[in-house]
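Right, one structure below, let's go through it.
These figures come from a predicted structure and were not determined experimentally.
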Amino acid sequence: MPEGDIRVEDFQTFLTEARMQKGAVADASVRAALVDIPRNRAITTDAVHVYANLIDFNDVLIEAGRETEASHRRALEFLHAHYRGCDELIDEFEMQRVDFHGSRLHAVVLTPLGEENEGERVRIAVAFAAAFREMVERLGDDYPQFKTRVCIGVDTGPAVAIDSGRSDEREPLFVGSPANHAAKLAAGDNEGLNLSPRAGMLLGRTPDPLTKSVLLTEDTERRRLDEEIITATMQRSGGERLEKAYASVVESLQAQRTADSGEPVFRFHHKEPPLKDLVYAEHPPSNAVRMDLASIFADVDNFTPYIDNAIATGRIAEAVANLHVIRAEMGAVLRDDFGGRKVRYIGDCIHGLLAEGDRHETNATATMKKAVSTAAGLRSSFDLCREMLPGTEGLGLAIGIDYGTTPICRLGLRGAASVRAAASRATCLSETEQRRCDGTETALGERAYGESPAIIREAFLIDRKVANMDVDTAEVLFGTMPSPYVVGSGQTDPMRAHEPDAAPPMRAHDQR
């Protein structure tokens with residue numbers, strides 16, 4: 001993805017062009033206008049980002065102290081209901097969903113356009129956030145199995161939107177500080193609606209100079225629901241929009257009790273490894289996979305400052321081209337070199353799944369050996385990217401791995417709007433493990449460590465972390481490095497992520 005192929009344009013220009021292509025220049029609707037961004041396009045936006053965190057999701061995963069088929073079914077039903085509710089509410093507020101990832105929901109307010117309308121965009125975002133918190137509370141009251149606290153973060157400012165997915169697996173992404181900051185404001189165990197200082201000021205709140213967030217009171221949230229909100233196609237209060245959305249959610253949940261409703265009934269089966277050939281479209285709730293596997297979460301360290309600097313210095317095209325290559329390279333290493341399956345890209349991160357075994361069961365030891373080898377391959381390929389891509393020398397890669405029984409299926413709305421889901425303690429903890437790493441480290445969760453062969457446990461003995469675990473290190477660790485005194489067979493050394501048998505397109509190492 002050379003820099004010259006990336007076309008950078010603002011949202012207004014992109015929107016006008018999209019309307020012209022559809023013969024609807026005068027159409028006032030602007031919803032979901034950034035869903036189908038071409039791969040060679042980067043769209044600059046001034047938007048408000050809303051992150052919602054369903055705080056009690058981890059408790060839903062557990063039944064009597066452990067994960068069971070029943071608890072996983074309950075967890076997927078929990079996510080399905082909240083994803084569905086969030087999508088209905090997003091439609092009512094004429095916003096755009098970016099992504100759902102486990103217990104986190106991300107949406108943006110893109111309109112009304114213009115710097116002068118930033119305060120109005122914040123007002124819409126806050127009304128939506130208040131409505132979502134109210135919806136979650138009602139859902140828990142009416143359906144106790146879905147009860148949870150929720151924390152929401154809101155920030156506003158410039159970001160760049162791209163999409164590196166395919167038609168059947170969209171990968172929308174907003175990179176820049178607002179999305180990252182909103183996600184941090186939504187993290188933690190304290191429920192509430194948290195605004196960034198800038199968003200608070202645009203609502204007329206004067207934050208303390210030393211404060212990092214503005215917490216709205218419940219009374220303020222309720223008042224926001226009574227205010228009229230003007231969007232592209234309607235004028236209606238937040239409360240009225242909530243009522244319509246909630247009625248649709250309840251109708252959907254009630255329809256599940258009808259045998260021919262088509263609504264989700266969760267049934268599980270084991271899938272024979274490898275997972276690389278798993279097609280999410282073939283696994284609705286009624287045909288969900290549930291099996292022991294390794295969850296791997298790799299995050300590009302220091303990326304938000306990198307993209308913010310690119311926005312400030314006019315190097316957006318270069319940064320976006322680099323991100324496309326890094327994302328595609330991580331996905332190709334996971335899939336083509338180690339037989340894993342990507343769940344999704346989450347910003348500058350990748351979440352993947354791996355398993356070794358047969359059609360009856362997973363081999364835990366072999367799976368963990370493959371997972372550590374994959375992490376090593378990711379790091380070697382990432383190091384190659386840093387060598388070859390301009391301006392990326394300050395980036396790092398933090399990797400977390402955990403092991404456990406995990407359900408996999410599509411959730412939420414039907415069709416293209418549905419969400420790829422893999423939700424378990426292992427998937428949550430692999431991300432947690434990644435967060436305790438710097439840009440050179442790989443970490444194992446406790447279960448992953450316990451299921452690993454002795455050679456891996458010895459290597460990860462100190463705090464279950466290892467620095468600079470790349471392909472060469474892994475080959476020495478697993479005894480696959482050929483002796484310099486033995487004549488080679490002419491075959492490629494094993495476990496070389498950057499030397500695949502058949503290189504797919506957009507591999508960073510193709511340029512060597």
Side-chain angles (χ1 to χ4, degrees), residues 31-32 34-35 47 49-58 60-61 72 74-93 95-109 125 128-129 131-133 135-136 139 146 148-154 161 163-165 168-174 179-180 182-187 245 248-249 252-253 264 266 280-281 283-285 288 295 297 341-353 406-424 427-428 430-431:
R31 282 187 296 162
L34 286 174
V35 169
H49 294 256
V50 181
Y51 260 88
N53 177 30
L54 306 173
I55 297 170
D56 299 316
F57 175 65
N58 282 353
V60 178
L61 285 166
H72 280 158
R74 185 173 66 243
L76 291 178
E77 290 172 346
F78 173 96
L79 291 179
H80 175 82
H82 288 101
Y83 288 179
R84 184 67 180 258
C86 190
D87 269 341
E88 294 286 355
L89 207 56
I90 285 170
D91 281 348
E92 283 298 311
F93 279 85
M95 296 165 56
Q96 179 175 336
R97 181 234 285 180
V98 180
D99 193 21
F100 295 152
H101 169 58
S103 61
R104 298 200 303 275
L105 323 175
H106 180 198
V108 292
V109 181
F128 166 82
F132 184 70
R133 276 177 37 84
M135 174 182 279
V136 171
L139 198 59
F146 301 143
T148 180
R149 297 167 297 155
V150 61
C151 181
I152 297 182
V154 176
D163 193 326
S164 60
D168 60 335
E169 290 188 14
R170 305 310 307 180
E171 297 283 359
L173 166 66
F174 285 78
N180 190 56
K184 290 181 179 178
L185 290 172
S248 296
V249 175
S252 167
L253 291 172
F266 290 90
Y280 288 100
H283 295 284
S295 171
F297 200 96
R341 185 64 167 102
K342 177 189 64 161
V343 180
R344 63 170 46 79
Y345 297 116
I346 308 158
D348 55 345
C349 312
I350 186 171
H351 178 207
L353 309 173
T406 301
I408 311 166
C409 69
R410 294 188 75 100
L411 292 177
L413 300 178
R414 298 192 189 104
S418 62
V419 180
R420 304 183 298 280
S424 66
T427 62
C428 295
S430 62
E431 185 173 3

Nearest 0.5 Å please: distance from the [atom1] atom of [X] over to the [atom2] atom of [Y].
{"X": "R344", "Y": "L173", "atom1": "CZ", "atom2": "CG", "value": "12.5 Å"}
{"X": "I55", "Y": "S103", "atom1": "CD1", "atom2": "OG", "value": "9.5 Å"}
{"X": "I90", "Y": "L105", "atom1": "CD1", "atom2": "CG", "value": "7.5 Å"}
{"X": "D87", "Y": "S248", "atom1": "CG", "atom2": "OG", "value": "11.5 Å"}
{"X": "F93", "Y": "E88", "atom1": "CZ", "atom2": "CD", "value": "13.0 Å"}
{"X": "L353", "Y": "R341", "atom1": "CG", "atom2": "CZ", "value": "9.0 Å"}

How far apart are the closest heavy atoms of [X] and [Y], and which atoms are they?
{"X": "S430", "Y": "S295", "result": "OG-OG, 2.8 Å"}
{"X": "A129", "Y": "I152", "result": "O-CD1, 3.4 Å"}
{"X": "R133", "Y": "V150", "result": "NH1-O, 3.1 Å"}
{"X": "A186", "Y": "G153", "result": "CB-N, 3.6 Å"}
{"X": "H80", "Y": "F266", "result": "CB-CZ, 4.5 Å"}

Exercise for the section: If the plane angle is over 60° it's perpendicular, under 30° parallel, otherwise tilted; pick one for H351 and F297. Expected result: tilted
Handout entry: F78 and H82 aromatic ring geometry - parallel, tilted or perpendicular at 30°/60° bounds
Key = tilted
Exercise for the section: Applying side chain to side chain contact (heavy atoms under 4.5 Å, CB included), run through S424 and T427 and close with a yes or a no. Expected result: CA-CA 5 Å; S424 66; T427 62; 3.5 Å; yes
Does the side chain of [X] reach to within under 4.5 Å of the side chain of [Y], using non-hydrogen atoms?
{"X": "V343", "Y": "H101", "value": "no"}
{"X": "I408", "Y": "Y280", "value": "yes"}
{"X": "L253", "Y": "F146", "value": "yes"}
{"X": "H49", "Y": "V154", "value": "no"}
{"X": "C409", "Y": "L76", "value": "yes"}
{"X": "Y51", "Y": "L185", "value": "no"}
{"X": "F128", "Y": "L89", "value": "yes"}

Exercise for the section: List the steps and the verdict of side chain to side chain contact (heavy atoms under 4.5 Å, CB included) for L61 and C428. Expected result: CA-CA 10 Å; L61 285 166; C428 295; 4.3 Å; yes
Practice task
Determine yes or no for a side-chain-to-main-chain donor-acceptor pair under 3.5 angstrom, with D56 supplying the side chain and R149 the backbone.
Solution key: yes
Handout entry: Test side chain to side chain contact (heavy atoms under 4.5 Å, CB included) applied to R84 and L139, step by step
Key = CA-CA 12 Å; R84 184 67 180 258; L139 198 59; over 6 Å; no
